[in-house]
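Below: one structure, written as structure tokens.
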Amino acid sequence: MAYPFSEIEPKWQKYWLEHKLFNVEPKTGHKKYYVLEMFPYPSGKIHMGHVRNYTIGDAYSRYKWLEGYKVMHPMGFDAFGQPAENAAIKNNTKPDIWTHKCIEWMKKELERMGYSYDWDREVSTCDDSYYKWNQWIFLKMFEQGLAYKKGSNVNWCPSCETTLANEEVIDGGCWRCHTKVEQKDLEQWFLKITEYRDRLLEDLQQLKDWPERVKAMQSNWIGRSRGVEIYFRLKDSDKTIPVFTTRADTIFGATYIVLAPEHPLVKEIIKGKAEEKEVLSFIDKVSAENKTVRSSEDVKKEGVFTGCYCVNPVNNETIPIWIADYVLMEYGTGAIMAVPTHDQRDFLFAEEHNLPMRIVIHGPGIKTMDPEYLNAAYEGNGLQVNSGQFNGLFNEEAKIKIAEWMEEEKIGKIQTHWRLRDWLISRQRYWGTPIPIIYCQKCGIVAVPYEELPVKLPEDVSFTGEGGSPLGKVKEFVNVPCPKCKSPARRETDTMATFFDSSWYFLRFSSPRFNNGPFDKEAAKYWMPVDQYIGGIEHAILHLLYSRFFTKFFKDLNMIDFDEPFKKLLTQGMVLKDGEVMSKSRGNIVDPDSIIKNYGADTLRLYILFAAPPEVEMEWSERGIEGAFRFLNRVWRLLEYCKDQPQGKIVSFELRKKTHRTIKEVSEDLENFKFNTAISSVMELVNAIYQNVDKDVSEAVRAVILLLSPFVPHLMEEMWQELGNKESILKAEWPQYEDKFIRESVIVMPIQINGKLRSKIEVPIDISEQKLREFVLDDDKVKSWIQGQVVRNFIVVPKKLVNIVI
RNA sequence: GCCGGAGUGGCGGAAUGGCAGACGCAGCAGCCUCAAAAGCUGCCGAGGGCAACCUCAUGGGGGUUCAAGUCCCUUCUCCGGCACCA
């Protein structure tokens with residue numbers, strides 16, 4: 001008979017909720033802990049990804065409770081966003097009605113999993129009590145010049161009919177619908193995240209408990225490159241062309257320069273030259289080419305000579321100016337110095353067009369100084385040659401010396417280039433936070449006064465699905481007086497990207513009902529930073545970068561006193577089915593509901609933690625679920641050996657040892673999120689109990705119940721109560737192991753001969769080396785192995801093993 | 001190309017430089033049963049041997065060490081990020 005999970009689980013869920021066991025308030029003298037999982041978009045249904053994410057957080061959170069911490073473990077909903085608009089059109093309803101219904105369903109699903117949330121702290125970003133503070137933050141940024149509007153070439157998703165941030169473009173497609181992103185010239189709102197680029201990069205070093213790959217991804221995205229801007233004067237002119245290089249050490253080898261075809265100087269310098277026609281037709285050809293085609297790697301590098309020359313400022317050499325398609329206007333200055341001997345792209349281009357070369361770095365592998373014999377550029381390190389007063393220096397050193405010298409001579413400037421661009425946050429959608437700005441004919445761009453916040457989303461909006469910003473069609477919303485001069489003005493009809501909402505929700509949780517600001521300074525001081533954050537790797541750049549930016553902004557406003565919002569980060573792996581991500585289109589979704597129905601939430605929780613370490617991908621297996629279920633039934637039946645037992649049953653010392661060791665192992669594993677091995681240790685203990693059912697197993701069973709309770713909370717509450725405990729297991733203490741059971745008096749010592757295991761002998765743990773040697777050499781197997789051979793070495797690793805070298 | 005991560009049985013996965021494969025899944029055998037299910041017990045990397053046991057084995061090749069899945073060098077493959085980025 002399977003254990004009655006469908007009765008046990010709802011019973012305890014109700015109990016936890018009614019007794020408010022997970023509600024916390026700041027309290028002096030208590031250790032606080034803040035566990036947070038990335039809050040979901042309320043689609044109405046949870047999927048296995050949620051289950052994995054939230055089960056990891058819940059197990060850890062419950063463990064921290066038992067350890068004696070006051071654990072804040074909140075949950076909320078990232079409730080703005082496009083799917084609600086689409087659903088509203090499809091189901092002929094309104095986004096807010098739809099969203100609130102979804103939130104209700106979703107909450108029920110989360111409750112059915114037995115998660116330990118403090119529901120009193122719940123927030124939804126679509127409530128005006130929340131988005132009011134989005135607007136407040138926006139206005140603070142606007143005041144500081146960190147939020148600004150500008151016209152530029154922006155990413156446009158034709159399917160979502162809205163703009164996208166650079167971070168939202170994945171492989172040239174929209175992050176949500178994968179539609180190919182187009183470019184459009186539009187006036188849009190940006191946040192000056194670039195103002196924080198140094199700190200966003202440098203502070204990554206503080207994040208000791210973040211995964212390397214996340215830090216690497218952010219660092220790549222921010223993309224700092226240090227180098228020198230060098231000024232090449234045009235021959236017979238006062239004009240200069242700046243080029244950017246990270247290899248100032250190769251400047252003496254620059255034998256020509258190359259401009260991007262779009263470079264503004266090109267048309268000017270070729271005017272009247274014999275080459276003008278050819279150059280213009282080349283420019284036409286390149287501009288007709290698709291941008292992605294042009295930047296793909298295997299396309300041959302093409303270019304033409306402009307007929308113009310410039311002067312290399314370090315040696316006054318006159319060198320030709322070319323234009324080529326492999327130089328991009330978007331990066332650096334749109335112009336490069338070409339050093340074919342030490343840059344492979346320049347090398348290929350120079351060979352193709354028969355341009356001169358000169359070696360300036362002498363690497364260890366280079367035998368001749370004659371570039372004629374090169375068949376590839378040498379991009380490694382070496383000593384400077386043909387480099388004037390820098391000859392003989394190691395190039396890495398020369399790189400710095402040359403840069404400094406160029407600055408002194410005013411022929412160059414040390415510079416840093418960044419890949420990170422400002423964050424485009426305006427969206428031409430309805431279901432988001434209205435941007436609190438009014439446009440006045442006389443006063444220009446005017447901020448909505450703080451006391452008029454929130455600018456509420458109008459409710460009676462018709463969704464036709466025919467495109468264009470829906471808010472623009474609501475006259476009462478758009479037409480307002482200017483806050484300054486009271487003359488008729490027009491309200492901004494774009495809304496904020498939803499990533500704005502999620503960039504600070506972790507702070508809101510510390511004081512979710514606070515109405516004098518986005519969060520209460522004191523509460524934030526107590527709870528923040530988040531001690532443990534858990535979520536998917538897909539947010540490695542987007543959400544995590546934006547949240548770090550907001551945190552630094554709040555620090556600059558003196559609202560908080562720390563730099564980084566998330567102390568420790570765990571990125572959980574995806575749940576796969578048959579080697580692929582579960583998705584509707586693949587039709588391989590396993591619905592958590594059906595698993596709960598057939599096996600219970602405890603089984604699902606146990607399985608998902610046991611099947612793989614949390615940070616790696618896990619393959620879904622129905623057999624695995626059955627195994628987990630089998631194990632829980634086995635645990636449930638342990639009660640038979642605890643209740644109504646005959647008096648005078650003997651306590652097994654071996655079992656006590658196993659029990660205390662298990663406590664030690666599970667505690668250590670939990671600290672390191674090694675749920676899979678923690679569970680396997682408990683499984684071993686359960687196996688050991690079944691080997692000892694004729695003895696008194698009560699201590700061991702009690703340990704099993706406590707150790708499993710973070711993973712399997714409902715069943716363990718039930719068993720805890722069955723053992724006669726009156727209070728919730730959450731009021732119990734995490735078990736402590738006793739040293740005397742961990743220490744061994746006798747151990748089985750493996751004996752290796754030449755590193756290979758040949759025998760084992762049982763010896764007292766504190767045996768002297770002399771005694772041990774005697775025992776070992778007296779062992780029959782050892783004798784037969786070393787028979788007639790000389791023992792060259794006798795290595796004893798105390799309490800570990802013996803290795804005899806013969 | 002640069003940066004980050006990973007390669008261990010049929011499968012998921014264990015191993016502070018010290019007995020490779022814990023635990024689970026699948027498989028095989030037995031017990032229980034009229035029978036089945038459930039449960040319980042045992043076996044379960046490959047090759048050799050009646051057996052005791054031996055040999056090989058952690059992507060490949062070198063090295064350090066008494067001892068390497070683990071450290072170093074090199075190489076291959078896969079996954080992720082960035083990239084004609086100067």
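Naming: A, B, ... by sequence-line order, numbering from 1 per chain.
- Aromatic ring orientation, Phe629(A) versus Phe5(A): perpendicular (interplanar angle above 60°, classes split at 30° and 60°).
- In this entry C43(B) has G27(B) as its Watson-Crick or G-U wobble partner, both defining distances falling under 3.5 Å.
- In this structure, Arg634(A) satisfies the cation-pi test against Tyr690(A), with its NZ or CZ atom closer than 6.0 Å to the six-membered ring centre and inside 45 degrees of the ring normal.
- With sequence neighbours excluded, no residue satisfies ring pair (Phe, Tyr, Trp, His ring centres under 6.0 Å) with Trp221(A).
- Distances from the side chain of Lys674(A) to the nucleotides A15(B), A86(B), C56(B) place A15(B) closest.
- Applying the side-chain hydrogen bond (donor to acceptor under 3.5 Å, both in side chains) criterion to Thr250(A), with sequence neighbours excluded, gives no partner residue.
- Nucleotide A15(B) is matched to nothing when pairs are restricted to Watson-Crick or G-U wobble geometry with both distances under 3.5 angstrom.
- Rounded to the nearest Å, the gap between the P atom of A15(B) and that of C2(B) is 32 Å.
- Distances shorter than 4.0 Å separate some side-chain N or O of Arg637(A) from OP1 or OP2 on C40(B).
- In this structure, G1(B) and C82(B) make a Watson-Crick or G-U wobble pair, each of the two defining distances being under 3.5 angstrom.
- Backbone-only engagement by Arg758(A) is indicated by non-hydrogen atom pairs under 4.0 Å involving sugar-phosphate atoms exclusively.
- Taking atom CD of residue Glu330(A) and atom C1' of nucleotide A86(B), one finds them 13 Å apart after rounding to whole Å.
- Residue contacts shown for Glu615(A) are absent, as no nucleic acid heavy atom lies under 4.0 Å away.
- The nearest whole Å value for the distance from the CZ atom in Phe631(A) to the P atom in C40(B) is 12 Å.
- One interatomic measurement links the two molecules: CZ of Phe675(A) to P of A14(B), which rounds to 14 Å at whole-angstrom precision.
- The gap from the C1' atom of U8(B) to that of A68(B) amounts to 14 Å, rounded to the nearest Å.
- Among the atoms of the strands shown, only primed sugar atoms or phosphate atoms (P, OP1, OP2) are found under 4.0 Å from some heavy atom of Pro613(A).
- Using Watson-Crick or G-U wobble geometry with both donor-acceptor distances under 3.5 Å, G9(B) finds no partner in any strand shown.
- Separation of the P atoms belonging to A26(B) and C40(B) is 13 Å when rounded to the nearest angstrom.
- For the C1' atoms, the distance linking A46(B) with U41(B) amounts to 27 Å, nearest Å.
- Comparing the same atom, P, in G69(B) and in C78(B) gives a spacing of 25 Å after rounding to whole Å.
- Distance CG (Leu638(A)) to C1' (G39(B)): 14 Å, rounded to an integer number of Å.
- Under the ring pair (Phe, Tyr, Trp, His ring centres under 6.0 Å) criterion, Phe349(A) pairs with Trp322(A), Tyr326(A), His353(A), sequence neighbours left out.
- Under the Watson-Crick or G-U wobble criterion, with both distances below 3.5 Å, A20(B) is left unpaired in every strand shown.
- Shortest non-hydrogen contact noted between Ile761(A) and Val776(A) is CD1-CG2, 3.7 Å.
- Checking G5(B), C66(B), C56(B) against every side-chain atom of Glu212(A), the shortest atom distance belongs to G5(B).
- Straight-line distance between the P atoms of G17(B) and G7(B): roughly 16 Å, to the nearest whole Å.
- As judged by a 4.0 angstrom heavy-atom cut-off over every strand, Trp418(A) is placed among residues making no nucleic acid contact.
- G9(B) has its base syn relative to the sugar, with a glycosidic angle deviating from 0 by at most 90°.
- Applying the side-chain hydrogen bond (donor to acceptor under 3.5 Å, both in side chains) rule to Arg661(A) yields the partners Glu744(A); only residues at least two apart in sequence or on another chain are considered.
- Legend: residues meeting salt bridge (Lys or Arg N to Asp or Glu O under 4.0 Å) with Lys674(A), ordered by chain and number and at least two apart, are absent.
- Contact check, Arg345(A) against C85(B): a side-chain N or O comes under 4.0 Å of OP1 or OP2.
- Checked against ring pair (Phe, Tyr, Trp, His ring centres under 6.0 Å), Phe347(A) has no partners two or more places apart in sequence or in another chain.
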Item to complete: Heavy atoms under 4.0 Å is the rule here; annotate nucleotides 18-28 of chain B 5' to 3' with B where the base is hit, S where only the sugar-phosphate is, and - elsewhere.
Response: BB--BBSSS--

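- Within 4.0 Å (heavy atoms only), Glu619(A) reaches no atom of the nucleic acid at all.
- By the 30° and 60° cut-offs, the orientation of the rings of His342(A) relative to Tyr378(A) is perpendicular.
- C28(B) and G18(B) have their P atoms separated by 37 Å, given to the nearest Å.
- With C1' as the reference atom, C34(B) and C44(B) are 32 Å apart, rounded to whole Å.
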What protein N or O atoms touch nucleotides 75-82 of chain B N or O atoms at under 3.5 angstrom, if any, and at what distances?
residue, atom, partner, partner atom, Å
G81(B), N2, Asn220(A), ND2, 3.1
G81(B), N3, Asn220(A), ND2, 3.2
C82(B), O3', Arg419(A), NE, 3.0
C82(B), O3', Arg419(A), NH2, 3.0

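- Across every strand in view, U65(B) sits unpaired, with no contact that passes the Watson-Crick or G-U test at under 3.5 angstrom.
- Nucleotide A86(B) holds its C1' atom 10 Å from the NE2 atom of His417(A), rounded to whole Å.
- In this model, the phosphate group of C56(B) is approached by a side-chain N or O of Lys756(A) to a distance below 4.0 Å at OP1 or OP2.
- Every residue two or more places apart in sequence or in another chain that forms a ring pair (Phe, Tyr, Trp, His ring centres under 6.0 Å) with His539(A) is listed here: His543(A).
- In Tyr331(A), the OH atom is crowded: over 12 heavy atoms of neighbouring residues, nucleotides or ligands sit closer than 6.0 Å.
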